[in-house]
2 protein chains.
Amino acid sequence: MRPPTNTMSQKAISCESCSLNAVCLPSGLTAEELIQLEKSIDKTMKIKKKEAVFKTNQISDGIYAVKSGAVKTSIANSDGQEQVLEFHLPGDILGFDAFNSGTHSCDAIALEDTLICKIPEATFDDLCIALPGLRKELKHQLGKEISHHQNLLLSLGQQQTDERLATFLLQLSLHYQSRGFSNKEFVLPMSRQDLSNYLGMAVETLSRIISRMTDENIIKVERRVVIISDMDKLEALAHSSCKKT
Amino acid sequence: MRPPTNTMSQKAISCESCSLNAVCLPSGLTAEELIQLEKSIDKTMKIKKKEAVFKTNQISDGIYAVKSGAVKTSIANSDGQEQVLEFHLPGDILGFDAFNSGTHSCDAIALEDTLICKIPEATFDDLCIALPGLRKELKHQLGKEISHHQNLLLSLGQQQTDERLATFLLQLSLHYQSRGFSNKEFVLPMSRQDLSNYLGMAVETLSRIISRMTDENIIKVERRVVIISDMDKLEALAHSSCKKT
DNA sequence: CGGGAAATTGATGACTTTCAAGGTGTGTGG
DNA sequence: CCACACACCTTGAAAGTCATCAATTTCCCG
């Protein structure tokens, strides 16, 4: 009976030695500041697949960084209609949604077994006063969140369904590239259901677009693995305001 | 030759005596803090209709509060497709979009002659350190911005066009009510073009929905003046996930 | 007062959803 | 370890929603 060898048993490590420190909160901090930040970070959160990091209306307990795994945030209205807002990958920060009222305005659900680093609410304000680098980085992360929302709004409001998927794949490609991974071959961390909801279309529509793009030799998709065969065509598709090439 | 008597000639007044101080940045500040804030605020910005408070890629010069008038923010992609992101009414804050890169990621255009109060970038960080109340209020305002984006995403991603308009009208109704105005009769500060774009639909579609809702005695619309005749029906429409009543 | 932008209305067609069925992979319990 | 159940994904056909094109009216600004 040995313990499982998945990420859930991973040992907590310091921000300094974390492979994500260039993209995560520590990115703008001095060595000195990092030590201060480190003291407050709670690395003990292990969230299992389909379980919540936090839920709507829950009182904010701080902000969170994804250490490994993946998290989706989504909002629901009174009728139960749900909209996926963002997919958070390792190094991403979440929890800003509680800044308005002090309670979370969305659900954060793990898409797979996930490790989370938490900066507790209590020490957060103090840290911001003490660490100029943290303030700067926090501003940067908040801006990233806002930019993301703006781009998704542009996509949902103005693009056709196939353009939306193309745009999404390109963004994901860039994301992986910036983290040293292949920009042509990567894994979708979410189900078709979650992705189609995020992109504001029916699951069937997403499936059909994937099939069509595969037929046109733009991408190859095997379950959740995506290979971009023709980056140029994909980019052309994402920018095709003048319908039909 | 007397000077024009429109809002553009309005005299700058103190935050303390401003009618908006309960909803604007001063809201969470002590009297002491307000004096500090006041020193840094630049109230001289007068933006004429159709002119920009700031434009995309412009280096951030601070954050802005709408004193009078109205401002729309919008983002455009490389193809010139444009998406209106938000309408900012008196008391609303804008400029957070530059938090990511230091340059603005959207355009902010005045919908009518508008007065703007500016907190310059240079003093902003210092003020945040010095004034706990300002930090708290800033957090609140940032959260409001994020919440707004989330709700718009839900609307664009999950609702039908008529549900989107109903939702928008109800939000505007609540907004005016919370500021002491009528919740049943108010003015749309934007053109049909801007509103239809914001709601992710064609102008013609918006026009048709307005006509239909008028025929059904839910609203009366005369140019930019809206009267809500049947609040219950409007709310039912906004929540009709089970299509067709 | 005139030109032109803004708004409305109608007809048509494209895109997307919905409903339905079948296929494929995964996980759990025997 | 295998089998079965179930969730996930794909594909097809039909229907609906919404966009586009076009024409007309209304209203605003110079």
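Bear in mind that the values here come from a model prediction, so they are computed numbers and not experimental data. In what follows, chains are A, B, ... by sequence order, proteins preceding strands, each numbered from 1.
Between B:His104 and B:Tyr64, the angle of the ring planes lies from 30° to 60°, which puts this pair in the tilted group. Note: B:Phe87 and B:Tyr198 have tilted aromatic rings, judged against thresholds of 30 and 60 degrees for the angle between ring planes.
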Write down the protein N/O and nucleotide N/O pairs, taken from nucleotides 19-23 of chain C, whose separation is under 3.5 Å; answer none if there are no such pairs.
from: C:dC19; atom 1: N4; to: A:Glu204; atom 2: OE2; distance (Å): 3.1

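With rounding to whole Å, A:Arg212 atom CZ is found 12 Å from D:dT11 atom P. The distance between atom CZ of B:Arg164 and atom P of D:dT17, rounded to the nearest whole Å, is 13 Å. At whole-Å resolution of the value, CD in A:Gln81 and C1' in C:dT17 are 14 Å apart. B:Glu112 has its CD atom 14 Å from the P atom of D:dC28, to the nearest Å. The separation between A:Ile210 atom CD1 and C:dT16 atom P is 15 Å, rounded to whole Å. Taking atom CZ of B:Arg192 as the reference point, atom C1' of D:dT25 lies 14 Å away to the nearest angstrom. Here the P atom of nucleotide C:dA14 and the CD atom of A:Gln160 are 13 Å apart, to the nearest Å. Across the protein-nucleic acid pair, B:Asp113 atom CG and D:dC29 atom P stand 11 Å apart, rounded to whole Å.
In the model, A:Ser74 has no side-chain atom that pairs as donor or acceptor with a side-chain atom of A:Gln83 under 3.5 Å. Donor-acceptor pairing under 3.5 Å is recorded for the side chains of B:Ser105 and A:Gln150.
Mapping B:Lys49 and B:Gly200 onto DNA chain D by nearest heavy atom places B:Gly200 at the nucleotide closer to the 5' end.
Here A:Ser207 lies in heavy-atom contact (under 4.0 Å) with a base. If you check every strand for non-hydrogen atoms under 4.0 Å, A:Ser191 touches sugar and phosphate atoms only. Within 4.0 Å (heavy atoms only), A:Thr205 reaches at least one base atom of the nucleic acid.
Closest to the A:Met201 side chain, of the nucleotides C:dT17, D:dC9, C:dA7, is C:dT17.
A salt bridge links A:Lys72 with A:Asp194: the closest approach of a Lys/Arg side-chain nitrogen to an acidic carboxylate oxygen falls below 4.0 angstrom. A salt bridge links B:Lys118 with B:Asp61; the closest basic N to acidic carboxylate O contact falls under 4.0 Å.
Within the 4.0 Å cut-off from OP1 or OP2 of C:dA7, not a single side-chain nitrogen or oxygen of B:Gln193 is found. For A:Thr161 and C:dT16, the shortest distance from a side-chain N or O to OP1 or OP2 is below 4.0 Å.
For B:Ser173 against B:Met231, the heavy-atom pair with the smallest separation is OG-CE, 3.7 Å.
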